[in-house]
2 protein chains.
Amino acid sequence: MSRRTRELNATTAAPVFAALGDRKRLALLARLANGQPQSIVQLTRGMGLSRQGVTKHLTILEQTRLVTSERVGREIRFTLQSNRLGEAKRYLERASQQWDDAIGRLQKLVEK
Amino acid sequence: MSRRTRELNATTAAPVFAALGDRKRLALLARLANGQPQSIVQLTRGMGLSRQGVTKHLTILEQTRLVTSERVGREIRFTLQSNRLGEAKRYLERASQQWDDAIGRLQKLVEK
DNA sequence: CATAAGAGCGACCTCTTGGTTGCTCATTAC
DNA sequence: GTAATGAGCAACCAAGAGGTCGCTCTTATG
């Protein structure tokens with residue numbers, strides 16, 4: 001029984017958004033979204049950052065489960081976890097929906 | 001011609017996610033999502049934080065346009081901007097969709 | 001086997017973040 | 001008019017983030 005896809009709350013969502021809150025990390029995710037799993041050196045290319053710097057970012061992304069990694073020989077291949085992005089997306093969805101509902105109720109009151 | 005609701009890219013999205021990447025700030029947004037615009041002292045209540053601390057968080061939320069403020073007498077009322085949340089949501093939507101599409105194409109290739 | 005390639009680990013540095021306190025200013029209430 | 005309330009500003013502090021370098025370890029490759 002995997003608990004991987006339960007809903008995020010303020011406490012669990014914050015680290016995920018924090019992980020998304022960096023240009024370089026978003027760039028890494030965008031790279032991974034484009035196709036196959038990629039190794040650290042591959043992801044380092046054209047990133048304007050040292051390999052160790054990239055590793056740090058990938059560690060953060062992995063800790064928040066936005067990516068997963070798999071060792072293949074001497075390489076480590078990173079894969080985007082789109083379901084995790086989905087969880088973050090749904091969190092925002094709920095917040096904005098709640099607000100829109102509140103506004104809607106308020107307007108009805110005013111109209112009466 | 002307002003440019004407020006154009007699409008986010010990696011550069012413009014990062015600060016928004018960074019703003020969302022803090023428990024306290026998510027709590028503030030949740031509060032604002034519950035109903036009417038609220039002042040700083042109101043938002044401070046039960047936050048376990050000094051008024052100035054809350055002000056700092058609200059400043060960050062306002063700089064990224066997740067909230068707007070309006071002066072009313074000696075108070076400042078903060079309002080949630082649900083469309084901004086929507087922009088962030090759509091950014092995540094695109095990334096995960098792109099990945100899912102890539103995976104789909106890959107599987108088709110394998111099946112052949 | 002020797003070497004190259006991919007990655008881990010630790011030390012280090014600087015700038016930013018999240019938080020505080022203290023004081024001042026403006027607006028409302030009595 | 002005086003007090004109380006809401007907010008701004010500046011200084012300060014500790015901890016964390018983002019980045020580097022240097023060295024070691026492991027896994028191919030020739």
Side-chain angles (χ1 to χ4, degrees), chain A residues 10-32 35-80 88, chain B residues 10-32 35-80 88:
Chain A
T11 307
T12 54
V16 178
F17 287 126
L20 293 170
D22 181 281
R23 267 168 242 82
K24 308 273 177 68
R25 285 197 288 271
L26 288 182
L28 286 172
L29 292 179
R31 284 251 206 132
L32 289 173
Q36 287 84 14
Q38 289 172 69
S39 72
I40 297 182
V41 279
Q42 280 181 304
L43 289 168
T44 300
R45 263 187 270 282
M47 193 53 87
L49 213 67
S50 71
R51 174 183 59 83
Q52 292 90 331
V54 173
T55 300
K56 284 201 178 182
H57 284 304
L58 288 170
T59 302
I60 291 171
L61 292 174
E62 188 167 23
Q63 280 171 351
T64 51
R65 291 196 233 126
L66 286 162
V67 304
T68 53
S69 69
E70 182 197 11
R71 178 138 221 154
V72 180
R74 63 184 167 189
E75 293 189 344
I76 296 190
R77 306 261 173 81
F78 287 85
T79 307
L80 186 71
Chain B
T11 307
T12 55
V16 179
F17 287 127
L20 293 169
D22 181 282
R23 267 168 244 84
K24 308 274 177 69
R25 285 197 289 271
L26 288 183
L28 287 173
L29 292 179
R31 283 250 206 132
L32 289 173
Q36 288 83 15
Q38 288 172 68
S39 73
I40 296 182
V41 279
Q42 280 182 305
L43 289 169
T44 299
R45 264 188 269 282
M47 193 53 88
L49 214 69
S50 70
R51 175 182 59 85
Q52 292 88 335
V54 172
T55 300
K56 283 201 176 181
H57 284 304
L58 288 171
T59 302
I60 291 171
L61 291 175
E62 189 168 24
Q63 279 170 350
T64 52
R65 291 195 234 126
L66 286 162
V67 304
T68 52
S69 68
E70 181 197 10
R71 176 138 222 154
V72 179
R74 64 185 167 188
E75 292 191 346
I76 295 189
R77 306 263 173 81
F78 286 85
T79 307
L80 186 71

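Below, chains carry the letters A, B, ... as their sequence lines are ordered, and counting in each starts from 1.
Side chain of B/Glu75 to backbone of B/Val72: no donor-acceptor contact under 3.5 angstrom is found. Remark: the backbone N or O of B/Ala19 is paired with a side-chain donor or acceptor of B/Arg25 at under 3.5 angstrom.
Among B/Thr55, B/Val54, B/Thr44, B/Leu28, the single residue meeting the side chain to side chain contact (heavy atoms under 4.5 Å, CB included) criterion with B/Leu49 is B/Val54.
Each of C/dG6, D/dG18, C/dG18 was ranked by its minimum atom distance to the side chain of A/Asp22; first place goes to D/dG18. When the nucleotides C/dG8, D/dT20, D/dA7 are ranked by their closest atom to the side chain of A/Ile76, C/dG8 comes out on top. The B/His57 side chain lies nearest to C/dG19 when the options are D/dG6, C/dG19, C/dA7.
Comparing B/Val41 and A/Ile60, the nucleotide of DNA chain D nearest to each residue sits closer to the 5' end for B/Val41.
A/Lys24 has a side-chain polar atom (N or O) that falls below the 4.0 Å cut-off from OP1 or OP2 of D/dG19. The side chain of A/Ser50 contributes an N or O atom lying less than 4.0 Å from OP1 or OP2 of D/dT20.
In A/Arg31, the CZ atom is crowded: over 12 heavy atoms of neighbouring residues, nucleotides or ligands sit closer than 6.0 Å.
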Nucleotides 23-30 of chain C: which of its N/O atoms have a protein N/O under 3.5 Å away?
{"unit_1": "C/dT27", "atom_1": "O2", "unit_2": "B/Arg74", "atom_2": "NH1", "d": "3.2"}

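Counting any heavy atom pair closer than 4.0 Å across all strands shown, A/Arg25 reaches sugar-phosphate atoms only and no base atom.
To the nearest angstrom, P of C/dG18 lies 11 Å from CG of B/Leu49. Summarising the geometry, the separation between CD on A/Glu70 and P on D/dT27 is reported as 15 Å, rounded to the nearest angstrom.
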